[in-house]
Amino acid sequence: MNSIKLVGVVLIVLGALGLLYGGFSYTKDTTALKVGPLEMTVQEKKTVNVPMWAGIGAIVVGGVLLVMGGKKG
């Protein structure tokens with residue numbers, strides 16, 4: 001399997017996951033207060049939404065790479 005086909009498969013999988021879940025969330029540590037050596041941190045939950053067009057586009061581009069990656073010359 002050459003690298004173009006591998007990228008195509010990865011794009012298809014990521015596009016499908018984007019459509020299935022619609023986004024992902026992560027936790028970010030932020031410094032809320034700092035007084036001398038004392039520091040208070042707060043964990044913030046951030047959410048990133050994946051637009052539907054991005055998931056569909058990744059699947060389409062991945063499919064094109066799979067089809068075109070097998071052709072030579």
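The shortest distance between side-chain heavy atoms of Leu19 and Ile56 falls below 4.5 Å. Side-chain contact between Leu65 and Lys5 is absent, with no heavy-atom pair separated by less than 4.5 Å. Side-chain contact between Val48 and Tyr26 is present, with at least one heavy-atom pair separated by less than 4.5 Å.
Evaluation of the side-chain contact (heavy atoms from CB on, under 4.5 Å) rule for Thr30 yields Lys28, Glu44 as partners, not counting sequence neighbours. By the side-chain contact (heavy atoms from CB on, under 4.5 Å) test, Val42 pairs with Ala32, sequence neighbours left out. Residues passing the side-chain contact (heavy atoms from CB on, under 4.5 Å) test with Val10, sequence neighbours excluded: Leu14.
Between Ala58 and Gly15 the shortest heavy-atom distance is CB-CA, 3.9 Å. In terms of heavy-atom proximity, Ser25 sits nearest to Thr47 at CB-OG1, 3.9 Å.
Here Met40 sits in one hydrophobic cluster together with Leu33, Val35; the rule is ILVMFWY side chains under 4.5 Å apart, joined directly or through other members.
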Self-check item: Intermediate values then yes/no, side-chain contact (heavy atoms from CB on, under 4.5 Å), Ile59 and Leu11
Solution: CA-CA 6 Å; Ile59 292 171; Leu11 281 174; over 6 Å; no
Self-check item: Leu66/Ile4 under side-chain contact (heavy atoms from CB on, under 4.5 Å): CA gap, chis, key distance, verdict
Solution: CA-CA 7 Å; Leu66 277 178; Ile4 293 176; over 6 Å; no
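Distance check: Gln43 CD to Asp29 CG gives 5.0 Å after rounding to the nearest 0.5 Å.
Val13 and Phe24 are not part of a single hydrophobic cluster, where members link through side-chain heavy atoms under 4.5 Å apart.
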